[in-house]
Each structure stands twice: as structure tokens, then as C-alpha cells.
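Note that the structure is predicted; figures quoted are calculated from it, not measured. Residue indices begin at 1 and follow the sequence shown. Side-chain atoms are counted along with the backbone in the values below, which use heavy atoms only and exclude waters and symmetry mates. Just follow the structure's listing: the first ligand is 1, and inside any ligand the first atom is 1.
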Amino acid sequence: METTLVLIKPGGVQRNLIGEITRRIEARNLKVTGLKLINAPRTTVEEHYAEHKERPFFTSVVDYLTSGPIVAIAVQGDNAVKAIRAMMGATNPVDAAPGTVRGDLALTIEDNLTHSSSDPEAAARELALWFPEGTI
Ligand code: CDP
Ligand code: MG
């Protein structure tokens, strides 16, 4: 059993996609074990994306993640990390397969609707960052 982190980015919240994205997660028989709507502190987002600190898009992605409310979700299940990554689709929505969240609901890499942990180590680090109080 694994637990992974999903963030619904500000564009997803503004477009009223909290329910649609959470519905897909639950329909897959993955369990929501943590869920909150927050205005993310800039320091938390910078730490979250620390691996991208030297990338040209770092400032813009941090600006974006702090531009409005986001939803943080802890998701548990067998192979949850890989299952959720596959469900969200490729980083650039134009490369994301139909049937994925990004392939069905997003169009640009700057507004690709969700974050999901890339591997179990990243998931553990990110869950500690976004759910310091722990999950259910
Ligand atoms: O989110 P994912 O793990 O699929 O992609 P990433 O490579 O870890 O990049 C993190 C986020 O930075 C992406 O989801 C995009 O929102 C943003 N990004 C961007 O705006 N432009 C790029 N060329 C690459 C990533
Ligand atoms: Mg990533």
C-alpha cells in the first residue's frame, strides 16, 4: 500500500474541477486519506518544487501555485504513486493521452491542473510538507 500527493492547482479550483478530479481518483478505488483547500505559503511551494530551483520556469510555477487556493489530497492504494501519475497524464497536456485528467481537461503546460508525486520517495517528502499533521 502506498500514499501519494495530489495538488489541484489554482486553475483547477477556479474552473470548478475539484469534484471532477476527486471523482476520478475515487472511481479508481483509491482512498482519500487527507484533503484540504488552502492558500499555499510561498515558502512551502518553493520547498515543494526545490528540485526545479534552477529551471527557467521555477519562478512562474511558484507564482502560479500561490496565485489562488489549491487543494491538497493524500491518496492511498496499491501502487498509488504510479496509478495517479498515469491518471494525471503527461506534463504537457498536448502530449497527455485522452482519458487522463490533463488529456481531457487541460491544454497548456502552465495550467496543467494537477501535481502528483513522481515516485514513493518524493511522495513521502511531499506528504510531510503538505500534511505535517499527518493523514488519516
Ligand atoms: O508536474 P509534473 O511532475 O508532470 O512536471 P515537472 O517536470 O515536475 O514540472 C513541474 C511543473 O512545472 C509542471 O507541472 C508545470 O506546471 C511546470 N512546468 C512549466 O511550466 N514549464 C515547463 N517547461 C516544465 C514544467
Ligand atoms: Mg514533477
Side-chain angles (χ1 to χ4, degrees):
M1 199 72 106
E2 287 177 351
T3 305
T4 190
L5 175 80
V6 173
L7 299 177
I8 303 177
K9 296 177 179 181
V13 174
Q14 280 158 21
R15 285 177 54 202
N16 302 328
L17 292 172
I18 298 172
E20 171 63 19
I21 293 167
T22 309
R23 185 195 66 75
R24 290 174 180 233
I25 292 168
E26 291 193 295
R28 197 73 188 277
N29 201 25
L30 292 158
K31 299 298 172 200
V32 172
T33 57
L35 179 67
K36 56 186 170 186
L37 178 70
I38 48 172
N39 285 304
R42 192 171 184 91
T43 48
T44 303
V45 177
E46 284 173 347
E47 199 175 329
H48 173 78
Y49 279 132
E51 64 170 321
H52 296 315
K53 207 164 46 196
E54 308 304 329
R55 302 286 192 82
F57 60 84
F58 180 72
T59 304
S60 62
V61 77
V62 173
D63 285 348
Y64 178 53
L65 266 283
T66 54
S67 69
I70 66 171
V71 175
I73 312 173
V75 178
Q76 187 181 64
D78 287 335
N79 299 304
V81 173
K82 194 174 177 188
I84 283 284
R85 285 288 287 191
M87 187 187 301
M88 296 306 153
T91 302
N92 191 334
V94 296
D95 298 325
T100 65
V101 166
R102 287 163 170 173
D104 287 349
L105 305 171
L107 205 52
T108 66
I109 195 166
E110 296 81 12
D111 194 9
N112 59 8
L113 296 179
T114 57
H115 164 83
S116 50
S117 308
S118 54
D119 55 61
E121 293 69 36
R125 183 182 73 79
E126 293 168 4
L127 286 162
L129 181 63
W130 292 97
F131 290 94
E133 69 279 21
T135 55
I136 300 299

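- A salt bridge between D111 and R15 is absent, with no side-chain N of the basic residue lying under 4.0 Å from a carboxylate O of the acidic one.
- For F57, the ring-ring contact (aromatic ring centres under 6.0 Å, His included) test picks out H52, with sequence neighbours left out.
- Taking a heavy-atom cut-off of under 4.0 Å, ligand 1 is surrounded by K9, Y49, H52, F57, V61, R85, T91, R102, I109, N112.
- Shown here is K36, whose NZ atom has more than 12 heavy atoms of other residues, nucleotides or ligands within 6.0 Å.
- Pairs engaging residues 82-94 under the salt bridge (charged side-chain N to carboxylate O under 4.0 Å, His left out) rule: none recorded [sequence neighbours left out].
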Let me check something: any side-chain donor-acceptor pairs from residues 74-81 under 3.5 Å, sequence neighbours excluded? List them with distances.
none

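- Here the side chains of E110 and S60 are not in contact, with every heavy-atom distance at 4.5 Å or above.
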